Amino acid sequence: MSDTKKKGLLSAIKEKGKTLEAEMSFFDHIDVLRKHLLRGLLVVVIFTGGAFWFSDFIFHDVIMGPKNPDFWTYRMMCKLTAAFPNLISSDFCITHIDAKIINTEMAGQFTLQINSCVMVGIILGIPYLLFELWLFIKPALHDKERKSASGFVFFASTLFFIGLMFGYFIICPLSVNFLTNYTVSSDIENTFTITSYLSSISTLTIGSGVIFQLPVVVYILSKIGVMTPAFMRKSRRYAIVVILIIAAIVTPTPDIITMLVVAFPLFLLYEGSIFISANIEKKRNKELYGVSKVNA
C-alpha cells in the first residue's frame with residue numbers, strides 16, 4: 001500500500017472516530033464519566049486502605065503535628081528569632097500551645113480514624129483523579145488543544161501538593177497557634193472538639209492546595225478568552241489587599257515579617273498567573289495578526 005493510501009486510510013479512521021464521538025448521546029457521556037469515576041474511586045479506596053495501615057503515624061505525627069510545640073515550623077520560627085533578634089519579635093518564637101482537645105461523641109474517635117484515612121486517600125489520589133478527568137475531556141479537544149494541555153495532570157498535581165505543603169507547614173501552625181490562644185474573656189477556657197480540629201486542619205491544608213490551582217484556572221480561562229493579563233494587572237491592587245487580609249488573619253502576631261512570610265508565596269502565585277495569561281495572549285495575537293505584542 002502506498003504512503004498516500006495509508007495517509008488517506010488513517011485520515012478516514014480519524015474522521016470516523018470524530019463522527020462517532022459527535023454522535024454520542026448524553027447518556028453515553030454519562031456512562032463514560034461513570035467509568036472514569038469508578039476507576040478514580042477504586043484508587044482512592046486503595047490509598048485509604050493503605051492509610052489505615054499507617055493510621056498511628058498519620059494521626060499522631062501528621063494530623064496532630066501542628067498542635068505540638070516541637071513541630072518543624074515552630075522550631076524554624078524559633079531559630080529565625082534567635083538569628084535575627086533585632087528584626088523579629090520574640091513572640092514569633094512559639095514554645096507553648098495551650099490547646100485542650102476533647103471527644104464528645106461515643107463513636108468520635110472511631111469516625112476520626114476513618115475520616116483521617118479517607119482524607120489522606122483522597123489527597124494521595126488527586127493525581128490519578130486529575131488523570132481520569134483528563135481522559136474524559138481529551139476526546140472533546142482538537143489536536144492543537146490536546147497538545148497545549150498535555151501537561152495538565154503534572155502541573156495541576158504539582159501545584160496542588162506545593163499548596164498542600166504550604167498550607168500544612170505555614171498556614172496550619174500559624175492558624176492553630178492564633179485560634180487556640182485567642183480569647184474574648186479570661187473566664188472562657190478554649191476547649192476544642194477533635195472534629196473541629198480535624199475540620200480546621202483539613203480545610204486549611206486542602207484549601208491551600210486548591211488556591212494554588214490559580215495558574216491552572218487562569219491558563220484555562222485565558223485559553224478560552226475570558227481572562228486577560230490587562231484585567232489581572234488592573235485588579236492587582238485588589239488582589240494585594242485580599243492577600244494581606246488573609247495573611248493578617250492567619251499570622252499569630254501583627255508582625256510585618258510574619259505577614260510577609262505568608263503573603264509572599266501568594267503574591268508570586270498571582271504574578272505567575274499574569275505571566276501565564278500574557279504568554280497565551282501573545283501566542284494568540286501572533287497566530288491571528290502575526291504580531292507578538294501584548295496589549296497592556
Side-chain angles (χ1 to χ4, degrees), residues 51 53-103 109 112-113 115-117 119-120 123-124 126 158-183 189-212 243-269:
W53 185 263
F54 299 98
S55 59
D56 289 339
F57 169 78
I58 290 173
F59 179 74
H60 293 289
D61 294 3
V62 178
I63 295 177
M64 301 302 292
K67 176 186 171 294
N68 299 322
D70 61 345
F71 188 59
W72 180 87
T73 305
Y74 301 137
R75 288 188 280 111
M76 293 302 105
M77 291 168 66
C78 290
K79 288 183 178 180
L80 288 175
T81 303
F84 305 99
N86 296 327
L87 295 177
I88 302 178
S89 171
S90 59
D91 294 335
F92 189 69
C93 178
I94 300 171
T95 58
H96 177 69
I97 298 179
D98 188 15
K100 183 179 180 181
I101 298 180
I102 62 173
N103 173 44
Q109 298 199 41
L112 169 68
Q113 185 179 27
N115 293 337
S116 302
C117 293
M119 181 181 66
V120 172
I123 291 174
L124 295 178
I126 285 295
T158 301
L159 287 172
F160 176 78
F161 283 110
I162 291 176
L164 202 75
M165 300 301 287
F166 176 73
Y168 180 73
F169 285 104
I170 303 297
I171 303 295
C172 277
L174 295 179
S175 299
V176 167
N177 176 71
F178 171 76
L179 295 174
T180 54
N181 292 304
Y182 184 84
T183 57
E189 180 183 2
N190 282 339
T191 302
F192 310 96
T193 64
I194 189 61
T195 303
S196 174
Y197 176 81
L198 179 63
S199 176
S200 299
I201 294 296
S202 59
T203 300
L204 292 172
T205 303
I206 299 177
S208 297
V210 173
I211 290 174
F212 269 62
I243 290 172
L244 290 176
I245 290 175
I246 295 174
I249 291 174
V250 302
T251 48
T253 63
D255 188 354
I256 186 64
I257 301 297
T258 311
M259 290 179 58
L260 291 178
V261 168
V262 176
F264 184 67
L266 301 180
F267 284 131
L268 291 181
L269 202 66

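Quantities reported herein were computed from a predicted structural model and do not represent experimental measurements.
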Inter-residue atom distance Ile162.CD1 - Phe160.CZ, 0.5 Å rounding: 12.0 Å

Heavy-atom check, side chain of Lys67 versus side chain of Thr180, under 4.5 Å: no

Parallel, tilted or perpendicular: rings of Phe169 and Trp72 (30°, 60°): perpendicular

Atom pair CG (Leu266) and CD1 (Ile211), whose distance is rounded to the nearest 0.5 Å: 7.0 Å

Validation row: Phe212, Leu164 side chains within 4.5 angstrom (heavy atoms): no

Test item: Ser175 side-chain N/O and Cys172 main-chain N/O as donor-acceptor pair under 3.5 Å: no

Close side-chain approach of Leu112 and Phe59, heavy atoms under 4.5 Å: yes

Tyr168 and its side-chain contact (heavy atoms from CB on, under 4.5 Å) partner, picked from Val62, Ile63, Leu204: Val62

Over all atoms of both residues, closest heavy-atom pair of Asn68 and His60: ND2-O, 4.2 Å

Interatomic distance, Leu179 atom CG to Ile97 atom CD1 [nearest 0.5 angstrom]: 11.0 Å

Non-hydrogen atoms of Tyr74 and Pro173 that approach each other most closely: OH-O, 2.9 Å

Heavy-atom closest contact (Asn177 atom, His96 atom, distance): OD1-O, 4.3 Å

Side chain to side chain, Ser200 and Val176, heavy atoms closer than 4.5 Å: no

Ser199 side chain to Thr195 backbone, donor-acceptor under 3.5 Å: no

Partner residues of Gln113 under the side-chain hydrogen bond (donor to acceptor under 3.5 Å, both in side chains) criterion, sequence neighbours left out: Ser55

Pairwise distance OG1(Thr193) to CD1(Ile102) - rounded to 0.5 angstrom: 7.0 Å

Straight-line distance of Phe54 CZ to Asp61 CG, nearest 0.5 Å: 12.5 Å

Closest heavy-atom pair and its distance - Gln109, Asn103: CG-ND2, 3.8 Å

Minimum-distance pair of heavy atoms, taken over all atoms of Ile123 and Phe161: O-CZ, 3.6 Å

Pairwise side-chain contact, Leu198 with Met119, heavy-atom cut-off 4.5 Å (strictly under): yes

Non-hydrogen side-chain atoms of Leu244 and Phe267 separated by less than 4.5 Å: yes

Distance-minimising heavy-atom pair for Cys78 and Thr95: SG-CG2, 4.1 Å

Nearest-0.5 Å distance, CD1 of residue Ile194 to OG of residue Ser116: 7.5 Å

